[in-house]
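Scroll down for the structure; my scribbles are underneath it.
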Amino acid sequence: MTDPLLPPPATLRLTVDTQALADNWRALDRLSGTARAGAAVKADAYGLGVDVCVPALRDAGCETFFVAHWSEVAAVARHVPPAQIAVLHGPLSAADCGYARSTGAVPVINSLEQAALWTANGGGVCHLMVDTGINRLGIAAADAGDPRIAALDIDILLSHLACADEDSAMNARQRGAFAAVSSQIAHRRASLANSAGIGLGEEYAFGLTRPGLALYGGVPRGELAGAIRPVARVEAAILQCRNLVAGESVGYNATFTAPATMRVCTVSLGYADGFLRLRGPGNALSHQGRALPILGKVSMDMVVADLSAAPDLAVGDWLTVPWDINDVAQQNILSPYELLTTIGQRLRRS
Ligand SMILES: *Cc1c(COP(=O)(O)O)cnc(C)c1O
């Protein structure tokens, strides 16, 4: 008997290759030289799902996990010790400090105010972000000697590169500034490089690296190309096949008109699933290498595709959705980060 409370099989699926994910982490750990690699798992592991990704990373050997929000802690803490979870946004209130202490997740302190707040609320082990030029979060290097910083018990001293995916002079400047400040602030581990930063070479790795994108198959620098495998595959099922006659139109605002008789299919995929409207025009779904061009506008839950190249397909057949995050043509529309993090909830549940 099927359980009436469980939904029937989905018509949309995201497959995460956990073996490739683990291999990518190992490769990045190796490329980090004497440093260890951690993992950025914020935004539900870049859209691929914490419950799938974090256990795979943990089992591969990862021991440090970065999220942005306090609301992201609980999901990660189901899989790893909370002391291994760093919260990048840090505490903005006594309530945040209380939550950190009760869960055991570790705040990244980003300002002198956050340092004072953390100490006033009992303190304990924390991490510290120093700004070396990206100007988002972090204390100024000039504040390294402030007594509010001296009062902290700092595990990881972090900074973040602004231009690591480019050959910019800013990279070496930030590296030099970070090396200088790390000699002024007591800490246990130093961490500068994200995925692209690992590609810059071992002198950027310090004691701990923080890859995100490359774990999930993104290649932000050529140096990583041979080491990183794709991780995510998105597929959607055909809901209905239809025959159009010349002059009939498809979808909202009738933006596609059939030039002749043609067979089309309606597919269970829409912008609510992260297949944004701007990915419709000129794009195609595919089936075993056969391209099925998208016709008309992408709806919230559906898209229509041309079956001319695959007239044998029927309801329930699975189509491959282009989600190659390293496809340069697609990157003119969306960055690989956006392609991943806009993957919709319905896909992650399937
Ligand atoms: C998101 C993030 C990372 C990971 O960056 P990738 O480019 O995805 O590798 C590392 N460090 C910080 C502070 C971040 O916010």
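Every heavy atom of this structure was used, including side-chain atoms; hydrogens, water molecules and symmetry mates were not. These figures come from a predicted structure and were not determined experimentally. For ligands, and for the atoms within them, numbers begin at 1 and follow the listed sequence.
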**Report entry** side chain to side chain donor-acceptor pair (under 3.5 Å) contacts touching residues 30-49 (sequence neighbours left out)
**Finding:** Asp29-Arg36, Ser32-Thr209, Asp44-Arg348
Query raised in the report: Applying a heavy-atom distance cut-off of 4.0 Å, which protein residues contact ligand 1?
Result: Ala40, Lys42, Tyr46, Leu88, Met129, Arg136, His160, Asn194, Ser195, Arg210, Pro211, Gly212, Leu213, Tyr337
Requested in this report: Please identify each residue that fulfils side chain to side chain donor-acceptor pair (under 3.5 Å) with Asp155, with sequence neighbours left out.
Outcome: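 So Asp155 forms a side chain to side chain donor-acceptor pair (under 3.5 Å) with Arg189.
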Report summary line: d(Leu208 CG, Leu157 CG) to nearest 0.5 Å is 11.5 Å
**Report entry** Main-chain N/O of Ala196 paired to Asp165 side chain as donor or acceptor, under 3.5 Å
**Finding:** no
Query raised in the report: Do Arg263 and Asp312 meet the salt-bridge criterion of a basic N to acidic O distance under 4.0 Å?
Result: no
Query - For Phe66, ring pair (Phe, Tyr, Trp, His ring centres under 6.0 Å) partners two or more places apart - result: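 Checked Phe66 against ring pair (Phe, Tyr, Trp, His ring centres under 6.0 Å); zero matches.
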